[in-house]
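Labels below follow one simple rule: chain letters A, B, ... track the order of the sequence lines, proteins then strands, and each chain is numbered from 1.
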Amino acid sequence: MSTAPAPITSNFIRTIISEDLETGRRDQVITRFPPEPNGYLHIGHAKSFSLNFGLAEDFGGRCHLRFDDTNPIKEEDEYVEAIKDDVRWLGFDWGEHLHFASDYFDQLYLWAVQLINAGKAYVDSQSAEQMRENRGTLTAAGVDSPFRNRTVEENLELFKQMKNGDFPDGTHILRAKIDMSSPNMNLRDPAMYRILHAHHHRTGDKWCLYPMYDFAHGQGDSIEGVTYSICTLEFEDHRPLYDWFIKELGIFAPQQIEFARLNLSYTVMSKRKLLQLVNDKRVSGWDDPRMPTLVGMRRRGYPPEAIRTFCERIGVGKGASWIDLSVLEECVREQLNKSAFRRQAVLNPLKVSITNYPVDKTAELDAPNHPQQPDLGIRKLPFSHELYIDRDDFMEDPPKKFFRLGPGREVRLRNAYIIKCEEVIRDENGEVVELRCSADLDTLGKNPADGHKVKGIIHWVSAQHAEKVEVRLYDRLFNQENPDKAKNYLDAINPDSFITSTALIEPELLKAEPGTTFQFERVGYFTVDTKDSKPGKPVFNRTVTLRDTWAKFK
RNA sequence: UGGGGCGUGGCCAAGCGGUAAGGCACCGGAUUUUGAUUCCGGCAUUCGCAGGUUCGAUCCCUGCCGCCCCAGCCA
């Protein structure tokens, strides 16, 4: 197992920062992760905050966690706590720097007044519809609001009344006075403050007007001394606006750098859609193991290290990119392979009796917890006359390349003996119900005395010692690479993304603690569900299957 | 057909004037009591296209073509 650190491939952001540091344009690196607390974090957010925290770490700076809570209608405390949890789960630490845009509401209000005084902002009293009409289109300039030239005094008075709650929602709005004919729509007198008689999760009922994200975000960065404000591509057009506010206000200027958000095949990433999946009960909740949310992945059994590896592996660029789900799954396997204890479990049982093994005898065989890491110890595996193997490991008329069991064929029982299929028993319908096999009792821990080779190895459990448990087989939530290409993304939901089944497990597995992951040898990685498991009655979530090159031949 | 971006192998992605890193995938082969893992080896005469500058261009210039984003009192 290599311990060499994964090579960090450069990216354009790293290059910019390095240059700034070398030329002295900047002398420190302060970044931030600015989620809106209106939903749970997903893997796309993980890419963003891994980048932000990672950069700060690599350059000896720091990264803040700031909640951009400027819209009280959509934001809740529940999400704040969940987001903090997720960021910590991935191993990042914001130290003292937990902030909220709402911490700056007073300052923001003062700045709005400053802009009004400077003649750079005005209260508009058009309706939302009128504003939309007057904004123009992508190719036609907008027209000035009839209220655009109100006097500073009038604006000041109106803005104060807005703050005092003298007006109902939607009647007035504070706008920046920039240029209604700008080719950049964001500069056509954008809204700064809207009236919202709503309860805020932190400021309560103190305010009845709230700043727009665009009027809060850049200043929040400025207040915190953020040197690099890293965000996604869709805010590229907003940068001139943020820079305008910063310049007019005469405050510290962070540098915004945009990168492409993550798109993962077979999943959707918009919070609106994830919320709908939850609300419509298409999934069991934000933490449904099929969700691309961090809580979902955690419950599914994805280790945080795997997600960090994934975020590094996919890189950072500016081109819209689609990452195949298999890349994430491969990171999960890579991590789990190193640490997960090995166990045996049979999902689709077929009875096997060992004809030359005493009916009343039970042996306790030693089986390593991890064949590649002997220091992880062993566990006892009961072996007896009657076993179960997986139906997939038997074929009546197997092709040449099938290394498993078939009439007259030999196979190695994992961690036990080599057996030979002597007889196939069927029921009245002709279905195979039992295999009678002879075992070479001299093959425990060694090859046959005559030196012949047995290539196939299959897993099994002792019938009388096996315990039956629930296993949940998860697969991709959508069966279309890009669910948004369907008429409705809900139509692309994979009906087989969640299958409840049972498994016969070796007794050792009964002690499994919720949240721990095992490799069911030759099958996949399974994690004890943290919600539905009971002591002595674990429920297993299939985290990810093992790679299966044999499956390709079939 | 306004503005802002982006185009390097199947998927990501370095490189930023000196003759195409790396990862994943894929294909061989070795080891293996997991058809897993691990290990070796292979995998772009070419960087969206067409011109130009240069001794030399993926990197500079020009013109095309293609894709993404923007008309919330959302973020």
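Cation-pi check for Lys318(A) over Phe259(A) is not met; the charged atom does not lie both under 6.0 angstrom from the ring centroid and within 45 degrees of its normal.
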Distances for protein N or O near nucleotides 1-5 of chain B N or O, under 3.5 Å:
{"residue": "G2(B)", "atom": "N9", "partner": "Leu138(A)", "partner atom": "O", "Å": "3.2"}
{"residue": "G2(B)", "atom": "N2", "partner": "Pro183(A)", "partner atom": "O", "Å": "3.1"}
{"residue": "G2(B)", "atom": "N3", "partner": "Leu138(A)", "partner atom": "O", "Å": "3.1"}
{"residue": "G3(B)", "atom": "N2", "partner": "Asp237(A)", "partner atom": "OD2", "Å": "2.7"}
{"residue": "G4(B)", "atom": "O2'", "partner": "Asp237(A)", "partner atom": "OD1", "Å": "3.3"}

Pairwise N/O distances under 3.5 Å, protein to nucleotides 73-75 of chain B:
{"residue": "C73(B)", "atom": "OP1", "partner": "Arg135(A)", "partner atom": "NH2", "Å": "3.2"}
{"residue": "C73(B)", "atom": "OP2", "partner": "Arg135(A)", "partner atom": "NH1", "Å": "3.3"}
{"residue": "C73(B)", "atom": "N3", "partner": "Gly170(A)", "partner atom": "O", "Å": "3.4"}
{"residue": "C73(B)", "atom": "N4", "partner": "Gln126(A)", "partner atom": "O", "Å": "3.0"}
{"residue": "C73(B)", "atom": "N4", "partner": "Ala128(A)", "partner atom": "N", "Å": "3.3"}
{"residue": "C73(B)", "atom": "N4", "partner": "Gly170(A)", "partner atom": "O", "Å": "3.0"}
{"residue": "C74(B)", "atom": "OP2", "partner": "Arg194(A)", "partner atom": "NE", "Å": "3.2"}
{"residue": "C74(B)", "atom": "OP2", "partner": "Arg194(A)", "partner atom": "NH2", "Å": "3.2"}
{"residue": "C74(B)", "atom": "O3'", "partner": "Arg194(A)", "partner atom": "NH2", "Å": "3.2"}
{"residue": "C74(B)", "atom": "O2'", "partner": "Asn71(A)", "partner atom": "ND2", "Å": "3.2"}
{"residue": "C74(B)", "atom": "O2'", "partner": "Lys74(A)", "partner atom": "NZ", "Å": "3.1"}
{"residue": "A75(B)", "atom": "OP1", "partner": "Thr70(A)", "partner atom": "OG1", "Å": "2.8"}
{"residue": "A75(B)", "atom": "OP1", "partner": "Arg194(A)", "partner atom": "NH1", "Å": "3.4"}
{"residue": "A75(B)", "atom": "OP1", "partner": "Arg194(A)", "partner atom": "NH2", "Å": "2.8"}
{"residue": "A75(B)", "atom": "OP2", "partner": "Tyr213(A)", "partner atom": "N", "Å": "3.0"}
{"residue": "A75(B)", "atom": "N6", "partner": "His238(A)", "partner atom": "NE2", "Å": "3.4"}

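Val523(A) comes within 4.0 angstrom of no nucleic acid atom, judged by non-hydrogen atoms across all strands. Within 4.0 Å of Thr137(A), counting heavy atoms only, lies at least one base atom of the nucleic acid. Among the atoms of the strands shown, none is found under 4.0 Å from any heavy atom of Leu262(A). Counting any heavy atom pair closer than 4.0 Å across all strands shown, Gly142(A) reaches no nucleic acid atom. No engagement by Ala140(A) is indicated, since no non-hydrogen atom pair under 4.0 Å with the nucleic acid exists. Counting non-hydrogen atoms under 4.0 angstrom, Ser265(A) reaches nothing in the nucleic acid.
In plain terms, the two heavy atoms of Phe245(A) and Ala176(A) that are nearest each other are CE2-CB, 4.0 Å.
Distances shown here put a side-chain N or O of Arg522(A) below 4.0 Å from the OP1 or OP2 atom of G35(B).
More than 12 heavy atoms of other shown residues, nucleotides or ligands fall within 6.0 angstrom of atom CZ in Arg409(A).
Mapping Glu521(A) and Glu334(A) onto RNA chain B by nearest heavy atom places Glu334(A) closer to the 5' end of the strand.
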